[in-house]
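Worksheet for the structure shown next.
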Amino acid sequence: MSNIEKTLSIIKPDAVERNLTEDIKNFFIDNDLEILSSKKIHMSKEEASEFYKVHQAKPFYDDLCTYLSSGSIIVMVLEGENAVSANRKLMGATNPKDAEPNTIRKLYGISIDKNSVHGSDSVENAKKEINFFFKD
Ligand code: CMP
């Protein structure tokens, strides 16, 4: 049975800076995820801290928020069959060195921080994250 979902994807500053936006968007499109909405933004550290609030107890939280607000990012709503898990599979493991071949983080990621993309980890969080960036 078909299960069409939406998920949130972010192209992080390291990838935007290296002009990888089109390559990453094409990777999604070529793998059956449609880009319903896309915008380029530059978050403040306060906004990044709000977005990554679930990680606030983690030792890397401050660096993570500084990093996400360090440059332009692309936020996108992706739609497709099982989009949440499909997107996570296409991204690969959080740490690029552990990611499977032909995943975005393996192809483009630099480090666990500069891992090029973020994607929602559940349907529930996808709804929250989409609402965070695309309120209307
Ligand atoms: P992301 O999917 O955007 O979610 C949180 C981010 O924290 C993660 O990708 C990584 O880029 C970053 N991060 C930094 N250090 C760690 C760590 N030790 N474990 C998990 N995520 C980390």
Side-chain angles (χ1 to χ4, degrees):
M1 212 176 75
S2 159
N3 180 42
I4 301 295
E5 295 172 350
K6 291 183 178 60
T7 190
L8 183 94
S9 170
I10 301 178
I11 305 179
K12 295 188 182 183
D14 66 275
V16 175
E17 243 159 47
R18 287 177 291 145
N19 294 316
L20 293 168
T21 299
E22 285 312 307
D23 289 350
I24 293 174
K25 283 186 170 182
N26 285 331
F27 197 87
F28 290 131
I29 294 163
D30 292 345
N31 286 282
D32 302 320
L33 287 176
E34 186 182 348
I35 301 169
L36 292 187
S37 310
S38 172
K39 61 183 179 185
K40 189 175 190 177
I41 61 170
H42 190 151
M43 295 174 99
S44 66
K45 184 159 178 193
E46 289 65 35
E47 289 165 333
S49 305
E50 183 62 28
F51 177 73
Y52 271 135
K53 215 169 166 181
V54 346
H55 294 300
Q56 63 187 340
K58 308 268 174 63
F60 55 84
Y61 178 61
D62 191 63
D63 286 348
L64 175 62
C65 300
T66 300
Y67 171 61
L68 196 73
S69 56
S70 69
S72 295
I73 60 173
I74 313 291
V75 291
M76 296 172 290
V77 179
L78 306 180
E79 185 180 75
E81 188 71 25
N82 301 311
V84 173
S85 60
N87 178 40
R88 290 183 72 76
K89 200 162 176 212
L90 294 177
M91 289 195 298
T94 307
N95 193 336
K97 76 175 167 53
D98 301 326
E100 295 288 325
N102 206 32
T103 59
I104 295 170
R105 285 166 169 165
K106 188 63 164 191
L107 290 168
Y108 306 121
I110 296 170
S111 65
I112 195 164
D113 303 296
K114 297 184 173 180
N115 62 356
S116 300
V117 279
H118 166 84
S120 310
D121 64 1
S122 65
V123 173
E124 195 193 340
N125 283 335
K127 286 187 185 135
K128 287 185 194 156
E129 292 184 356
I130 290 169
N131 195 44
F132 185 90
F133 289 108
F134 299 94
K135 289 215 162 60
D136 32 299

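In listed order, ligands and their atoms are each counted from 1.
Under the ring-ring contact (aromatic ring centres under 6.0 Å, His included) criterion, the residue pairs touching residues 94-126 are Phe51-His118, Tyr52-His118, with sequence neighbours excluded.
Interface atoms of ligand 1 facing His55, defined by a heavy-atom separation under 4.0 Å, are 4 (O), 5 (C). For ligand 1 and Lys12, the ligand atoms under 4.0 Å from any heavy atom of the residue are 1 (P), 3 (O), 9 (O), 11 (O).
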**Request:** Would you check, one step at a time, whether the test salt bridge (charged side-chain N to carboxylate O under 4.0 Å, His left out) holds for Asp62 with Lys45?
**Result:** CA-CA 9 Å; Asp62 191 63; Lys45 184 159 178 193; 2.8 Å; yes
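Atoms CG and CD, on Asn26 and Glu22 in that order, are 6.0 Å from each other to the nearest 0.5 Å.
For atom 3 (O) of ligand 1, the closest non-hydrogen atom on the protein side is Tyr52 OH, 2.5 Å. Shortest contact from atom 11 (O) of ligand 1 to any protein heavy atom: Ile112 O, 2.6 Å. From the protein, the heavy atom lying nearest to atom 6 (C) of ligand 1 is Leu64 CD1, 3.5 Å.
Contacts with ligand 1 closer than 4.0 Å are made by heavy atoms of both the backbone and the side chain of Asp113. Contacts with ligand 1 closer than 4.0 Å are made by side-chain heavy atoms of Thr94 only, the backbone lying farther away. With a heavy-atom cut-off of 4.0 Å, Lys58 does not touch ligand 1 at all. Of all the heavy atoms of Arg105, the ones lying under 4.0 Å from any atom of ligand 1 belong exclusively to the side chain.
On a distance-only criterion, Val117 and ligand 1 share no N/O pair closer than 3.5 Å. Considering backbone and side-chain atoms alike, His118 places an N or O below 3.5 Å from some N or O of ligand 1.
Arg18 has its side chain within reach of Ser116: a pair of non-hydrogen atoms, C-beta onward, lies under 4.5 Å apart. Counting heavy atoms from C-beta on, the side chains of Phe134 and Val75 come closer than 4.5 Å.
For atom 20 (C) of ligand 1, the choice among Tyr67, Tyr61, Phe60, Phe51 with the nearest heavy atom turns out to be Phe60.
A donor-acceptor pair is defined here as one N or O able to donate and one able to accept, closer than 3.5 Å; no such pair exists between the side chain of Asn3 and the backbone of Asn82. Without hydrogens or angle criteria, Thr103 side chain to Ala99 main chain gives no donor-acceptor distance under 3.5 Å.
Assignment of Lys114 to the shell around ligand 1 is not supported, since no heavy atom sits closer than 4.0 Å.
Residue Phe27 forms a side-chain contact (heavy atoms from CB on, under 4.5 Å) with just one option from Leu33, Leu90, Val117, and that option is Leu90.
For the pair Lys135 and Phe132, the cation-pi criterion (under 6.0 Å, within 45° of the ring axis) is fulfilled.
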